[in-house]
Amino acid sequence: MKASSAKFALGQVVRHRVFDFRGLIFDVDPEFDNTEDWWLSIPEEVRPHKDQPFYHLFAENAETEYIAYVSEQNLLPDHSDEPLRNPMIAEMFTRDKNGSYKAHPILAN
């Protein structure tokens, strides 16, 4: 099966469909690109297909901040407009006056 186009964009705030966390997308893989052990650690009845985009998130829940790797099928847009508190966000993004997250320009030589 061929990988589809990504539904979500870098800098977009999303929430998990099942688990109570939300996050900011900072990278996307067109299809699964993690270890086989990681994939097999997910219970088979809820294990996502590998042939879909997977997103790297600066994630947070009520207790902590962390990095998450989530399949597209398990994400929904987050329309809460609540700012995220994950301290890693400031390294790559700024939040504009409208509440959107914009990536810092990348300097290359």
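Quick note: residue numbers are just sequence positions, from 1. In this text the structure is predicted, and so the values were computed from the model without any measurement.
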Do Phe26 and Ile89 belong to the same hydrophobic cluster, where Ile, Leu, Val, Met, Phe, Trp and Tyr are linked whenever their side-chain heavy atoms lie under 4.5 Å apart, directly or via other members?
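Result: yes, single cluster for both.
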Same apolar cluster: Val28 and Phe8, side chain cutoff 4.5 Å:
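Linked within one cluster.
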Got [X] and [Y] here, is their nearest side-chain heavy-atom distance under 4.5 Å?
X     : Y     : value
His79 : Arg15 : no
Phe21 : Val70 : yes
Tyr69 : Phe32 : yes
Asn61 : Phe19 : no

Rounded to the nearest 0.5 Å, what separates atom [atom1] in [X] from atom [atom2] in [Y]?
X     : Y     : atom1 : atom2 : value
Glu91 : Phe58 : CD    : CZ    : 6.5 Å
Met88 : Leu24 : CE    : CG    : 11.0 Å
Leu10 : Met92 : CG    : CE    : 7.5 Å
Asn34 : Ser41 : CG    : OG    : 8.5 Å

Search all heavy atoms of Lys102 against all heavy atoms of Asp96 and return the closest pair with its distance.
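Heavy atoms only, the tightest pair is CE-OD2, 3.4 Å.
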Would a distance-only check, ignoring hydrogens and angles, find a side-chain to backbone donor-acceptor pair under 3.5 Å from [X] to [Y]?
X     : Y     : answer
Gln73 : Pro48 : no
Asn74 : Arg17 : no
Glu72 : Pro53 : no
Asp51 : Glu31 : no

Which word best sums up how the rings of Tyr101 and Phe93 line up, parallel for under 30°, tilted for 30 to 60°, or perpendicular for over 60°?
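Geometry flag for Phe93 against Tyr101: perpendicular rings.
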Might you work through the side-chain contact (heavy atoms from CB on, under 4.5 Å) test for Arg22 and Leu57, ending with a clear yes or no?
CA-CA 8 Å; Arg22 57 197 287 262; Leu57 308 177; over 6 Å; no
Side chains of Asn98 and Ser100, donor plus acceptor under 3.5 Å
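Distance-only check fails for Asn98 and Ser100.
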